[in-house]
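These notes concern the structure reproduced below.
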Amino acid sequence: MAAEIDINIVKTFPGRATIRAQIRYPLEASTVLILFGPSGSGKTTILRAVAGLEWPEEGTIRFVSRTWLDTASAVRVVPQDRHIGYMPQDYALFPTYTVAGNIAYGLGHLNSPDRKKRVDEMVELFQLRGLEAAKPRELSGGQQQRVALARAVAPRPLLLLLDEPLSALDAPTRLHLRGELRSLLKQLALPSMIVTHDWTEALTLGDVMAVVGAGNVLQVGTPLDVFSHPQNAEVAHVVGVETVVKGRIEGMVDGMFRVSVNGTMLTVVKAESTAADVFVCIRAEDVVLERGRADASSARNHLAGTVTTVTALGALARVTINCGFPLVAMVTRSAVEEFELVSGLPVAAAIKAGAVHLVSRQGD
Amino acid sequence: MNWIAIWVTFKLAALTALILLMVGVPIAYWVSFSRWRWKFLIESVVALPLVLPPTVLGFYILVAIGPHSPFGRWYTDLVGHPLPFTFEGLVLASVLYSLPFAVQPFSAAFDQVDRRLIETSWTLGVSKCKTFVKLIAPLSLAGLITGFVLSFAHTLGEFGVVLMVGGNIDGSTRTVSIDIYDEVQALNYAGAAKTALFLLVVSYLVLLIVYAINRNVWAAWPQK
């Protein structure tokens with residue numbers, strides 16, 4: 001039996017968009033599936049349905065060879081019997097238990113020495129040594145997150161479900177823990193589903209992402225694929241970053257990073273880490289098109305290229321330029337007419353150094 | 001002071017509070033966690049003793065446990081004597097009379113427990129019953145104690161129901177409040193005053209405990 005998750009559910013809420021979610025994707029040992037979408041899109045409901053905390057009116061949820069929900073044949077497996085690790089958004093640590101008590105909470109089926117051993121393993125793995133006797137309220141946000149993760153992982157679940165694992169943290173901690181979470185997930189060799197509304201998290205953590213908008217799963221694919229080839233305008237809108245390409249930091253000049261993308265050099269103000277492998281992310285509205293030589297502007301990046309496609313979107317037009325990598329620009333319809341932008345036209349694209357975002361990427 | 005009446009009263013109050021702890025917790029759990037849309041029907045029944053005159057409640061209980069009701073006949077066949085005007089009858093009546101004083105604090109405490117904690121416990125493979133014992137009960141401790149103490153205190157002072165169901169049998173159903181009433185009827189104001197003061201002090205102490213617990217004065221763990 002192929003290790004895959006198969007979700008096909010319908011759930012209605014009074015006064016909200018009905019959730020109709022279909023996801024079917026192989027989930028191997030350490031695959032991270034991202035449920036990505038704006039708040040209120042229904043991604044958390046999908047995750048909760050997989051956990052067994054939400055009961056869809058109709059549908060099926062299968063994981064590997066197990067059926068967790070099949071409304072047609074009245075199969076409704078309770079969360080206790082699903083063998084999942086679940087971490088809600090605010091971690092929900094048990095306030096009356098210590099760190100060790102929280103981790104041991106789901107280990108009631110083990111005998112005392114085995115339980116102690118497992119808790120010890122978790123304390124080691126999640127770097128909680130010295131905090132075993134602390135109560136949750138004494139912990140920092142990052143420590144709370146590690147305890148919640150340790151508690152979810154301790155009973156050795158089949159699938160890990162994380163709801164906005166980083167959103168309860170302040171920005172610097174979040175950035176730091178994003179990388180840490182990624183390596184932990186890979187180390188655990190445990191398939192996981194992660195809900196997030198943050199595209200940088202989707203890029204860093206995800207092997208696969210499902211874009212959720214207004215209750216529907218719009219597209220499922222690798223993050224790079226989804227970002228660079230959104231299936232339709234709705235996905236593009238939800239994702240919000242049009243150009244995502246792999247790049248490498250080659251060095252620093254005058255305090256700015258030099259990044260190579262497929263041979264094209266870009267100047268970037270800051271990177272979130274010093275890892276060499278990055279995703280280079282550029283919003284389409286930050287790209288200015290110039291005809292001929294116009295490198296006298298204040299923008300640091302001037303890329304020569306040719307127009308490949310022009311797609312009208314109401315008052316705006318989406319223009320794709322090949323400048324060593326596909327770059328998407330959003331310009332007005334009047335600019336398209338004035339510049340006579342057509343496929344094959346040579347143009348220059350100007351991007352401010354501050355408008356290029358670098359998101360760290362694990363080398364592959 | 002009539003020490004026998006005091007002993008009967010405390011025995012009655014303690015038993016009632018203990019039974020209500022066992023009966024009230026499942027009812028309160030259901031009230032807090034059920035999503036049944038007609039739940040308010042049951043909630044209203046539980047709250048009824050709060051507004052019903054004790055004599056009305058006592059009258060219905062008397063009829064319900066009397067020898068002419070099916071329950072009364074069944075009880076007489078089983079035990080050998082009828083339930084009214086016995087200590088056991090009084091316990092049953094007190095449990096019904098003090099039900100809201102236990103169920104409402106329990107239920108209010110359960111309502112305060114974050115649902116995400118409970119759900120997380122379920123996902124860790126812990127059954128609903130064990131989740132109650134391991135998580136909900138410790139988090140609701142103040143509410144559980146409050147409900148226990150309030151139902152105890154409320155039973156201490158009951159008068160109408162006791163008179164209707166228990167009568168006034170010394171050593172068995174004569175409670176403190178009835179003793180005071182008897183003393184006043186007999187124009188023995190000095191005796192009534194002593195017993196009344198005793199009841200006042202005890203009731204005040206009991207309420208002190210309730211309020212102190214809810215202010216977290218002797219909390220087992222400091223406030224968040």
Side-chain angles (χ1 to χ4, degrees), chain A residues 14 44 47-55 68 77-98 101-110 134-139 144 147-164 168, chain B residues 21 25-26 28-30 32-40 105-106 108-148 213-224:
Chain A
T44 292
L47 191 82
R48 286 172 53 81
V50 175
L53 300 171
E54 208 77 65
W55 297 105
W68 283 338
V77 177
V78 295
Q80 284 91 339
D81 296 334
R82 293 193 183 197
H83 302 286
I84 44 146
Y86 170 71
M87 186 169 96
Q89 197 169 352
D90 57 358
Y91 310 140
L93 293 177
F94 304 136
T96 48
Y97 287 82
T98 61
N102 267 278
I103 298 173
Y105 190 89
L107 301 174
H109 56 287
L110 298 179
K135 285 285 176 67
R137 62 188 155 69
E138 299 162 24
L139 303 178
Q144 287 186 23
V147 176
L149 208 52
R151 179 182 64 184
V153 166
R156 303 211 169 124
L158 302 169
L159 176 66
L160 200 54
L161 304 170
L162 312 179
D163 190 358
E164 301 272 7
Chain B
L21 192 63
V25 163
Y29 184 91
W30 183 83
S32 287
F33 296 102
S34 167
R35 290 194 196 163
W36 189 46
R37 63 183 300 191
W38 305 106
K39 183 168 85 171
F40 68 93
F106 293 169
F110 298 161
D111 284 342
Q112 289 295 308
V113 178
D114 190 340
R115 292 298 182 270
R116 274 170 294 200
L117 296 180
I118 298 169
E119 288 175 349
T120 305
S121 170
W122 295 346
T123 64
L124 287 164
V126 178
S127 70
K128 286 191 175 183
C129 199
K130 274 199 177 150
T131 297
F132 180 81
V133 175
K134 290 177 72 167
L135 191 66
I136 301 172
L139 285 170
S140 316
L141 200 60
L144 291 172
I145 295 173
T146 301
F148 181 83
I213 284 169
N214 285 298
R215 284 286 161 85
N216 248 344
V217 179
W218 314 296
W221 54 91
Q223 210 137 21
K224 265 184 258 183

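Predicted model, so just to flag it, every value in this text is computed and none were measured. Throughout, protein chains are lettered first and strands after them, A, B, ... in sequence-line order, and every chain is numbered starting at 1. Keep in mind that the numbers below use all heavy atoms, side chains included, and drop hydrogens, waters and symmetry copies.
- Separating the CG atom in B:L135 from the OH atom in A:Y97 is a distance of 6.5 Å, to the nearest 0.5 Å.
- Take A:E138 and apply the side-chain contact (heavy atoms from CB on, under 4.5 Å) test, not counting sequence neighbours, and it matches A:A134, A:K135.
- By the neighbour-count criterion of 12 heavy atoms within 6.0 Å, atom NZ of B:K39 is densely surrounded, having more than that number from other residues, nucleotides or ligands.
- Residues satisfying the side-chain contact (heavy atoms from CB on, under 4.5 Å) test with A:V77, not counting sequence neighbours, are A:W68, A:V75, A:D81, A:R82.
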Item to check | Test side-chain contact (heavy atoms from CB on, under 4.5 Å) applied to A:V78 and B:W122, step by step | outcome: CA-CA 8 Å; A:V78 295; B:W122 295 346; over 6 Å; no
Item to check | Verdict with reasoning, A:F94 to B:L139, per side-chain contact (heavy atoms from CB on, under 4.5 Å) | outcome: CA-CA 9 Å; A:F94 304 136; B:L139 285 170; over 6 Å; no
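- For the pair B:L124 and A:Y86, the minimum side-chain heavy-atom distance is 4.5 Å or more.
- Interatomic distance, CG of A:L161 versus OG1 of B:T123, reported as 8.5 Å (0.5 Å rounding).
- Residue contact with chain B, scored on non-hydrogen atoms closer than 4.5 Å, involves the backbone of A:L93 exclusively.
- Residues A:Y105 and B:S121 have side chains that bring a donor and an acceptor to within less than 3.5 angstrom of each other.
- Closest of all the heavy-atom pairs between B:E119 and A:R48 is OE1-NH1, 2.7 Å.
- Legend: residues meeting side-chain contact (heavy atoms from CB on, under 4.5 Å) with B:D114, ordered by chain and number and at least two apart, are A:D90, B:R116, B:L117.
- The stretch residues 147-160 of chain A places A:R151, A:A152, A:P155 near chain B, each with some heavy atom under 4.5 Å from a heavy atom of that chain.
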